[in-house]
Protein chains: 2
Amino acid sequence: MNPTIYDVSRLSGVSIATVSRAFSNPERVREDTRRKVFEAAEVLHYSPNAIARAMARQRTDKIAFLICKEGATILDEFYAGICTGIMRETNRSDFELVISTAADWDTASNTSKNKQVEGVILGGNARPDMIAELQNRDLAVVLVNNRIQGLDIPCVVSDEYGGVRQALEHLIGRGHRNIAMLAGRFSPYILGERYRAFLEVTQAHGLPADTRHIKLCDPTVESAAEACLELLSRQDRPTAIFGGNDVMAAGAMKAALRLGLRVPEDLAVTGLDDSSACGMLEPELTSVHIDCRRMGELSVARLQALLAGETDVPQVTVVPTELRVRGSS
Amino acid sequence: MNPTIYDVSRLSGVSIATVSRAFSNPERVREDTRRKVFEAAEVLHYSPNAIARAMARQRTDKIAFLICKEGATILDEFYAGICTGIMRETNRSDFELVISTAADWDTASNTSKNKQVEGVILGGNARPDMIAELQNRDLAVVLVNNRIQGLDIPCVVSDEYGGVRQALEHLIGRGHRNIAMLAGRFSPYILGERYRAFLEVTQAHGLPADTRHIKLCDPTVESAAEACLELLSRQDRPTAIFGGNDVMAAGAMKAALRLGLRVPEDLAVTGLDDSSACGMLEPELTSVHIDCRRMGELSVARLQALLAGETDVPQVTVVPTELRVRGSS
DNA sequence: TTGAAAGCGCTAACAA
DNA sequence: TTGTTAGCGCTTTCAA
């Protein structure tokens with residue numbers, strides 16, 4: 001049996017109320033009383049029981065990270081990074097974290113309900129009705145790696161626009177005038193930002209700003225390779241391809257190989273994500289680094305601000321990206 | 001304010017004890033009473049408060065997954081897979097999961113203490129003294145991806161020996177007689193199994209079973225590439241290299257390229273992990289698939305068995321591997 | 001600054 | 001089969 005507040009009270013000779021205060025409002029108990037309490041606690045290896053505390057306080061200090069995503073690999077490198085950031089930041093505070101993956105709404109709903117969380121960080125493609133229900137239930141909600149227009153909810157995203165710009169300007173700086181982009185089927189927000197960035201940046205540099213240079217495909221090696229085969233067989237074939245993630249960029253490299261084109265001499269390729277595979281590829285893949293860790297940390301910060309009742313919580317937090325130039329471009 | 005058991009009691013006209021029973025021991029309340037209770041609960045959107053329940057039961061039904069690992073990328077693809085399995089299996093039961101990474105013991109200790117967990121799954125390199133302390137504190141403990149001799153504790157591991165055998169026999173089947181293995185600096189258990197497997201399997205097939213063919217290096221592309229450069233410059237240079245993970249295998253492919261050797265014609269390469277990068281490499285990497293998901297699920301099962309007081313919990317659970325042959329061999 | 005006491009929402013032993 | 005009741009370990013008024 002673990003020691004309780006009563007044991008500490010008895011040993012230190014003060015009431016349980018004082019012991020309680022010593023732990024949760026130390027400044028409200030006299031210096032020497034406090035010392036007595038802590039000494040007794042030390043002797044007994046006492047630490048407050050979080051369950052009982054939650055019960056009395058009617059607060060759990062518990063938050064959830066809910067990844068709304070389909071497919072087998074829920075926790076891919078990207079979300080694992082976000083997750084790491086969230087864990088790190090949660091550990092630093094007194095909050096507790098429950099992680100759940102939920103393609104379906106029932107699981108999601110259960111998680112937030114049964115686990116008694118007070119706030120949730122939604123990753124992936126959370127549907128607006130899910131969000132609404134959570135908010136109705138009086139939960140604090142933050143979106144990570146997503147943004148939904150017209151919804152009163154803080155979100156933390158990476159600088160999609162800036163990331164595309166960095167990649168494109170790098171390629172343009174290398175002299176490329178005919179650049180294609182592989183757009184994966186990501187969320188509307190991400191896709192929107194990337195289209196906009198591609199068109200505006202190419203135009204700003206006097207290149208033909210044409211959606212013909214944007215190719216929509218699945219974010220898989222094969223789908224990207226096929227898309228590239230088509231791109232590279234055009235009359236005016238691109239000399240550089242910007243993949244919407246590293247997997248697609250790898251597909252582009254494969255397409256080049258099949259056509260006997262050398263990377264980067266005949267075709268420059270850049271990716272996005274800066275995943276661990278970049279260094280494994282040959283040539284190594286230039287990629288836009290996304291600070292997933294930071295995104296995770298910031299989502300926790302926003303959620304805690306919300307929970308603390310702060311009124312000026314930023315609606316949009318943009319995490320900068322950084323280009324990592326390697327052999328493929 | 002959420003509805004409580006009292007609200008349901010009032011609305012359904014039965015005592016709170018009966019409501020409680022209806023939820024936790026349905027078979028102990030009469031059919032129609034039960035129906036009344038559930039109807040009232042439905043109307044009120046009631047569901048039992050887990051905190052209060054834990055308080056009364058003096059049980060939390062909460063387990064922790066503790067990844068004991070150094071370095072920036074705690075949640076790599078491997079552990080993310082295990083984590084997914086753990087989450088999936090935990091979701092299926094009424095248990096709650098808290099995930100924590102802990103290179104240091106303090107965090108680990110805190111996690112299990114403050115979060116009031118009843119059992120922990122230890123991933124990575126858990127030190128024996130950590131384990132002992134957890135067990136002393138009367139917690140159920142299971143090891144995943146590790147095994148420590150002489151310790152009374154269930155562990156779930158992948159079939160390291162079998163994995164090495166599959167890779168080697170595949171290469172031998174392809175006619176290779178001079179095979180080298182890159183051993184990463186993994187845990188003593190894993191390293192031990194792999195050495196043993198390499199020596200026994202090569203010997204069994206009449207190849208020179210010599211530790212000279214095993215090269216210890218860091219599990220990074222660069223370290224592996226260097227190690228291979230040395231291997232490939234030997235008089236009797238290997239015609240096949242088995243990397244201890246996919247990253248090292250990628251390093252081997254790079255070494256081959258630098259020496260102008262073609263893969264797989266001049267040098268066959270196989271990896272281990274079957275990570276997502278396999279399909280991105282060129283040629284695609286043959287690799288031994290590890291069923292991380294399953295490992296995670298089984299660790300939860302073992303932990304729950306322990307928690308349920310079962311006495312015949314298997315001490316060692318071995319998860320089979322499977323060779324995925326691709327272009328690199 | 002400290003203490004007494006009333007909960008927080010539920011379970012489980014016991015009684016009916 | 002159902003109800004009564006005494007906790008579970010803590011926080012937080014309120015009074016001293």
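A, B, ... follow the sequence lines: proteins, then strands. Residue 1 opens every chain. Reckoned from all heavy atoms, side chains included, excluding hydrogens, waters and symmetry mates. Everything numeric in this text was worked out from a predicted model, so none of it was measured.
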Using whole Å, report how far [atom1] of [X] lies from [atom2] of [N].
| X | N | atom1 | atom2 | answer |
| --- | --- | --- | --- | --- |
| A:Arg59 | C:dG9 | CZ | C1' | 18 Å |
| A:Asn49 | C:dC8 | CG | P | 19 Å |
| A:Asp61 | D:dT11 | CG | C1' | 13 Å |
| B:Asp94 | C:dC10 | CG | P | 16 Å |
| A:Ile51 | C:dT11 | CD1 | P | 13 Å |
| A:Arg53 | C:dG9 | CZ | C1' | 19 Å |
| A:Tyr6 | C:dA5 | OH | P | 11 Å |
| B:Met55 | C:dC8 | CE | C1' | 8 Å |

Where the side chain of A:Ala56 is defined as all heavy atoms beyond and including C-beta, which of D:dT2, C:dC10, D:dT11 is the nearest nucleotide?
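For the A:Ala56 side chain, the nearest candidate turns out to be D:dT11.
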Would you mind reporting whether B:Val156 and B:Asn145 have side-chain heavy atoms less than 4.5 Å apart?
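B:Asn145 does not reach B:Val156 side chain to side chain.
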With a 4.5 Å limit on heavy-atom distance, are the side chains of A:Ile51 and A:Met55 in contact?
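SC-SC contact between A:Ile51 and A:Met55 ruled out.
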Looking at [N], I'd like to know if its phosphate oxygens (OP1 or OP2) sit under 4.0 Å from a side-chain N or O belonging to [X].
| X | N | answer |
| --- | --- | --- |
| A:Tyr46 | D:dC10 | yes |
| A:Thr4 | D:dG9 | no |
| A:Arg30 | C:dT1 | no |
| A:Gln58 | C:dG9 | yes |

Specify the closest pair of heavy atoms between A:Val117 and A:Leu139, including all atoms of both residues, with the distance to one decimal.
O-CD2, 3.1 Å
How close do A:Leu151 and A:Gln315 get, counting heavy atoms only, and between which atoms?
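Shortest heavy-atom separation between A:Leu151 and A:Gln315 comes out as O-NE2, 3.9 Å.
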Look at atom CG of B:Asp94 and say whether more than 12 heavy atoms of other residues, nucleotides or ligands are closer to it than 6.0 Å.
no
Would one find more than 12 heavy atoms of other residues, nucleotides or ligands at under 6.0 Å from atom CG of A:Asp138?
no
Does anything in residues 16-26 of chain A come within less than 4.0 Å of DNA chain D? Heavy atoms only, and list the residues if so.
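The stretch gives A:Ile16, A:Ala17, A:Ser20, A:Arg21, A:Ser24 as the residues lying under 4.0 Å from the strand, ordered by number.
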Could you tell me if A:Glu77 and A:Ser276 have a donor-acceptor pair between their side chains, going purely by distance under 3.5 Å?
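There is such a pair between these side chains.
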Measure from the side-chain N and O atoms of A:Glu118 to the backbone N and O of A:Asp61, and report whether any donor-acceptor pair falls under 3.5 Å.
yes
Keeping A:Tyr79 on the side-chain end and A:Lys69 on the backbone end, is there a donor-acceptor pair under 3.5 Å?
no
For the helix from C:dT1-D:dA16 to C:dA16-D:dT1, how many degrees between its two end axes (five pairs per end), to the nearest 10°?
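Answer rounded to 10°: the end axes differ by 30°.
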